[in-house]
Amino acid sequence: EPTRAALVQTPICEQGEGAGCAELAGESALLRELQEKSAQNRVARDKASLERYSYNNFSDYFAAGFPPRRLVRHSDGTFEALTDAEIDAAIKAGRVAKGSPGTPWQNYKGRNPYYFLDDD
């Protein structure tokens, strides 16, 4: 039982943050630096993870609707569900573009989602 209690009470260091980070880094300046970088990048990683989750889990849901819709990404990472006709009109108006390999969208398994151009 003492082993289990020690395991539960061990301070945690996750993504460079937590009570256990100092103990894990010890005297290593390199590990402290890496923990700091990891903590600084946490927000960006969490945002990218939420975007991937939203796109991968909701695109099929909207595609199965009537009329079918596709997700179009806003610059803040949120998505808007538009019909093909709405997307075509937005592309012609210069408000929407299609992602392609070599852009940040290449990680979406080749689905090449659409994104708004004038969100900033």
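None of these values were measured; they are calculated from a predicted model. All residue numbers in this chain count up from 1 along the given sequence.
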* Asked: Is it the case that one hydrophobic cluster holds both L24 and L34, taking links as side-chain heavy atoms less than 4.5 Å apart, direct or via other members?
  ->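 No, separate clusters.
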* **Interatomic spacing from OH in Y114 to NZ in K98 - rounded to 0.5 Å** => 4.5 Å
* To do: Please work out whether the ring planes of F58 and Y53 are parallel, tilted or perpendicular, with thresholds of 30° and 60°.
  => perpendicular
What side-chain donor-acceptor pairs closer than 3.5 Å can you find for residues 12-21, not counting sequence neighbours?
residue : atom : partner : partner atom : Å
Q15     : OE1  : R45     : NH2          : 2.8
E17     : OE1  : R42     : NH1          : 2.9

* Using atom types as modelled and distance alone, determine if a side-chain donor or acceptor of T78 lies under 3.5 Å from a backbone N or O of H74. =>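 Absent.
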* Structure fact -> Heavy atoms of L117 and A97 approach each other most closely as CD2-CB, 3.8 Å
* Asked: So which heavy atom on T83 is nearest to which on P67, and how close?
  -> CG2-CG, 3.7 Å
* List for me each residue that meets salt bridge (Lys or Arg N to Asp or Glu O under 4.0 Å) alongside K47, sequence neighbours excluded, and say none if there are none. =>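 Salt bridge (Lys or Arg N to Asp or Glu O under 4.0 Å) check on K47 returns nothing, list empty.
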* side-chain hydrogen bond (donor to acceptor under 3.5 Å, both in side chains) with S54: which residues, sequence neighbours excluded? -> none
* Asked: Which residue pairs pass the salt bridge (charged side-chain N to carboxylate O under 4.0 Å, His left out) test when at least one of the two sits in residues 77-94, sequence neighbours left out?
  ->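 Residue pairs passing salt bridge (charged side-chain N to carboxylate O under 4.0 Å, His left out), neighbours aside: R69-E86, R70-D84.
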* Stepwise side chain to side chain contact (heavy atoms under 4.5 Å, CB included) test for D46 and L50 -> CA-CA 6 Å; D46 288 348; L50 179 60; over 6 Å; no
* Please list all pairs passing the side chain to side chain donor-acceptor pair (under 3.5 Å) test where one or both residues lie in residues 23-32, with sequence neighbours left out. => none
* To do: Using the side chain to side chain contact (heavy atoms under 4.5 Å, CB included) rule, take V72 and I87 through it: C-alpha gap first, then chi angles, then the decisive distance, then the call.
  => CA-CA 8 Å; V72 182; I87 290 172; 4.0 Å; yes
* Structure fact -> In short, disulfide bond (SG atoms under 2.5 Å apart) pairs touching residues 32-85 with sequence neighbours left out are none
